[in-house]
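Order of appearance sets the numbers: ligands from 1, and atoms from 1 within every ligand.
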Amino acid sequence: KSMGGLNDSVVSEFVLLGLSTSWGTKVFLMLTFSLFYVGIILGNLFIVFLVIADSHLHSPMYFLLANLSLIDVSFSTVTVPKMISDLLSEYKVISFQSCMTQTCFIHVMGAAELVLLIAMAFDRYIAICKPLHYLNIMSPKRCVSFVVIGWVTGVVHAMSQFAFVINLPFCGPNTIDSFYCDFPRIIKLACTDGAKFEFVVAANSGFMTAGTFFLLIISYVFILATVWKRSAGDLSKALVTLSAHITVVVLFFTPCVFLYVWPFPTSSIDKYLFIVDFAITPALNPIIYTLRNKDIKIAVQRLSKRRFSKNF
Ligand SMILES: *[C@@H]1O[C@H](CO)[C@@H](O)[C@H](O)[C@H]1NC(C)=O
């Protein structure tokens, strides 16, 4: 504890309580998360590789998908490996700098992911509802600008919260009841009244996540309504595809709502909820976007044929 010093930040590291359970559960979680993490890396990098290698996949949708995969890989790399290695260690510390860095990266990548999800929903909306204008609206220039806007939004979103939090005095408690660092949890440890800073985070992150969720649901409703007007047969097919997307979107946004928007303390639940965002939705994205997808299947076949003819 600081003794009468003027706003000195003496906390140099934080202690993460992590996912404390029995030893057996820890081993089980470690193996499961390791498997998920390998799946995230292989699945997403495979998409990136396929989209770059196959010229037939050089379309707006796959350009955005490959970039989403890159973000998913980075997003889970910031948290999952540390979570796995912490599972089996007794004393889980993270330095002040690492904690802030992790938090900022989570928000840069998280916000970039939100913008890309909106861009991809917009892409599908144009493809289905305005097919004649598709190539005009989703021009290469616009696709690149979607990605750039995503990263710029991420940096602005993260830095605008970081600027508040870095100036808070940290002098006392340094225990975080979670497996990673994030703004709401860091603010709780500041030795000052954090209420107005909590409001800044809730307003910023909460507005982003709630707004994105709302936009995505609206675009899905528009797509379904358009398909429904055309034919009832297509509707059931569209419902199958879209329900997978909606499931992932609901999975991704539920933890965010609990951490940033929900006004009541829920830390004991939401620390487990966020496993979904870091380890499960990044693994699901490559599956739902490629499974039962003809373009991808054909691209894989073309790729294996090319290998085959090269070897013989
Ligand atoms: C992602 O976006 C960037 C910038 O727009 C682009 O240069 C890059 O090729 C994209 N990545 C993939 C794998 O498509």
Next on the checklist: Using side-chain hydrogen bond (donor to acceptor under 3.5 Å, both in side chains), reason through D182 and Y260 one step at a time and then give a plain yes or no.
Outcome noted: CA-CA 10 Å; D182 200 354; Y260 301 119; 2.6 Å; yes

Checklist entry - Under 4.0 angstrom from ligand 1, any heavy atom of V48? => result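 Contact check V48 vs ligand 1: positive.
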
Item to check | Test applied, side-chain contact (heavy atoms from CB on, under 4.5 Å); reference residue, C181; option that passes from T79, T101, I176 | outcome: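 Only one option passes, and that is I176.
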
Next on the checklist: Could you check whether atom 7 (O) of ligand 1 has a protein contact, counting only heavy atoms that fall below 4.0 angstrom?
Outcome noted: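 Protein heavy atom within 4.0 Å of atom 7 (O) of ligand 1: absent.
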
Checklist entry - What atoms of ligand 1 come within less than 4.0 Å of a heavy atom belonging to A66? => result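 Every atom of ligand 1 under 4.0 Å from some heavy atom of A66: 12 (C), 13 (C), 14 (O).
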
Next on the checklist: Need the ligand 1 atom indices (1-based, order shown) with element for anything under 4.0 Å from a heavy-atom of N67.
Outcome noted: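 So the atoms of ligand 1 that pass are 1 (C), 2 (O), 3 (C), 8 (C), 10 (C), 11 (N), 12 (C), 14 (O).
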
Checklist entry - Any chance the rings of Y180 and F278 have centres within less than 6.0 Å? => result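 So the answer is yes for these two rings.
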
Checklist entry - Between F162 and H107, is the ring centre distance below 6.0 Å? => result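 Aromatic pair excluded; centres sit 6.0 Å or further apart.
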
Next on the checklist: For atom 4 (C) of ligand 1, what's the nearest protein heavy-atom neighbour? Residue, atom name and distance, please.
Outcome noted: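 Going by distance alone, atom 4 (C) of ligand 1 is nearest to V147 CG1, 4.0 Å.
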
Checklist entry - What protein heavy atom is closest to atom 9 (O) of ligand 1, reported as residue, atom name and distance in Å? => result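 That would be F63 CE1, 4.0 Å.
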
Next on the checklist: Strictly distance-based, threshold 3.5 Å: is any side-chain N or O of R142 a donor or acceptor partner for the main-chain N or O of I137?
Outcome noted: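 Pair found, side chain donor or acceptor close to backbone of I137.
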
